[in-house]
Protein chains: 2
Amino acid sequence: MARVKEASTEKRILDAARRVFIRKGMAGARMQEVADEAGINKALLHYYFRDKQRLFEGVFKGGAEQQFGCIWGALKDRTDLFDAITAFVSAFIDRMVEDPLLPLFIAQEMNRDPEGLRAFIDRGHMSRQHFARLVEEARVRGAIIDVDARDLLVNMMALSAHPFIARPMILHIHGMNEAAYHRMILERKRTVPDFIIRSIRA
Amino acid sequence: MARVKEASTEKRILDAARRVFIRKGMAGARMQEVADEAGINKALLHYYFRDKQRLFEGVFKGGAEQQFGCIWGALKDRTDLFDAITAFVSAFIDRMVEDPLLPLFIAQEMNRDPEGLRAFIDRGHMSRQHFARLVEEARVRGAIIDVDARDLLVNMMALSAHPFIARPMILHIHGMNEAAYHRMILERKRTVPDFIIRSIRA
DNA sequence: GTCTATATGTAGATAGAC
DNA sequence: GTCTATCTACATATAGAC
């Protein structure tokens, strides 16, 4: 038992399916591609997960905490709005660097089936309430101008997520190569919070 | 000839295909659905456009001017950076209200085939150069802090496009109904330029 | 040009041997 | 549990009548 175990077949299927679904979306994903990427055979997918839909759910249901927990979590511990904004954007970008296609995938699938990935999102509810309180508190003590907390959160998510969603467009428009793009992304962990804070500071 | 003509079959196919492709993406779109929506029969699609790929190209090749011309055009005529930002965001949002699924579709398809929609994007090249000059000019005369024009443009596009791309998520996260969402979108024609300008003003 | 009917290809799903 | 072989369903594409 001291021997390092190979990842179980089920685990390898889930990992492979996750990559393929995120890369191609539900409609574009092929069971064959998942099988190939898991190093097994198509029939075995159906043995573990009855059909494509269930495989999809097996991958993404209940994975919300793992996917976004760290991002919403970054908000939770903060007592200062500006710190919260900085931590959120930084955590968001860090997470997306690991899985650059995730935001596009989620946008795609939520559009196809708004109920489907609801669990994906719900987990941050407490954190969002906390964030709204930080905004209100900062407004009361005159640290920021009068802004809508929901609008602000939309802007934070937009500025964090969009460079990943629009990656091919940005590469093309600005004639960037991989390295330049990656540099821009990393710099945005600093420039985006600055951008946001400058615009709301009283 | 004074009689009002029905839209030609080819035109109706293109219109229907456009709607279906934007709604479902290339992978998710079905020829049958296009045929139904055009009020004709599947075989006729193949008569006019040899296959699905060519239909897709027939819809989206060369349509760049129509799709984005008005947005880049909004930049072109401006001599003041702040006016340019306001006009761009406003034009972008107006355009997206007409076709709310367009930004998600483009992100999706550019990811699938980065070459495919290149023509879609290229048209704004002159406008982007003009925009970079406006940024530089504003910086020289001390109207704004030192910002990277490319980053700024990314932020403008992010703040304009993301609410459309993430619509289902925003509805869900903030517990909005259609009306509230629509109100927020329209208000963003004002709040987003304010947000941007505040953050770069010297 | 437009239709009905049909062929072809591909992907999801099952049967059954090992 | 894992494989090969096969079935079924569906989507794209074509043939041919009108």
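First the proteins, then the strands, lettered A, B, ... as listed; each starts at 1.
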* Residue among A/K24, A/K42, A/R19 satisfying side chain to side chain donor-acceptor pair (under 3.5 Å) with A/E33 -> A/K24
* To do: Would you mind telling me which residue lines up with the more 5' stretch of DNA chain C, B/R12 or A/Q53, judged by nearest nucleotide?
  => B/R12
* ring-ring contact (aromatic ring centres under 6.0 Å, His included) evaluation trace for A/F105 with A/F21 -> CA-CA 8 Å; A/F105 166 78; A/F21 278 131; 7.4 Å; no
* Structure fact -> Under a 4.0 Å heavy-atom cutoff, the residues of residues 39-48 of chain B touching DNA chain C are B/I40, B/N41, B/A43, B/L44, B/Y47, B/Y48
* Anything under 4.0 Å to a heavy atom of chain A counts; send over the first and last such nucleotide of DNA chain C, read 5' to 3'. => C/dA11 to C/dA15
* Asked: Nearest 0.5 Å, what's the CD1-CE distance between B/I165 and A/M110?
  -> 14.0 Å
* Indicate yes or no: does B/R23 engage B/E37 in a salt bridge with an N to O separation below 4.0 Å. => yes
* Asked: Can a salt bridge be assigned to the pair A/E57 and A/R54 using a cut-off of 4.0 Å between side-chain N and carboxylate O?
  -> no
* Checking side chain to side chain contact (heavy atoms under 4.5 Å, CB included) for the pair A/F88/A/W72: CA distance, chi angles, key distance, verdict? -> CA-CA 7 Å; A/F88 177 88; A/W72 295 121; 3.8 Å; yes
* To do: Scan residues 189-202 of chain A for pairs that pass side chain to side chain donor-acceptor pair (under 3.5 Å), counting only residues two or more places apart or in two chains.
  => A/D94-A/K189
* Taking DNA chain D as the partner, which of residues 26-37 of chain A come within under 4.0 angstrom of it by heavy atom? -> none
* **Separation of D/dT8 C1' from A/K52 NZ (nearest whole Å)** => 16 Å
* To do: Using salt bridge (Lys or Arg N to Asp or Glu O under 4.0 Å) as the criterion, list what pairs up with B/E10, not counting sequence neighbours.
  => none
What pairs of donor and acceptor atoms, side-chain ones from residues 144-151 of chain B against any protein atom, are under 3.5 angstrom apart with sequence neighbours left out?
{"unit_1": "B/D148", "atom_1": "OD2", "unit_2": "B/R150", "atom_2": "N", "d": "3.1"}
{"unit_1": "B/D148", "atom_1": "OD2", "unit_2": "B/D151", "atom_2": "N", "d": "2.9"}
{"unit_1": "B/D151", "atom_1": "OD1", "unit_2": "A/R188", "atom_2": "NH1", "d": "3.1"}

* Test: A/R18 cationic atom under 6.0 Å from A/F60 six-membered ring centre, within 45° of axis -> no
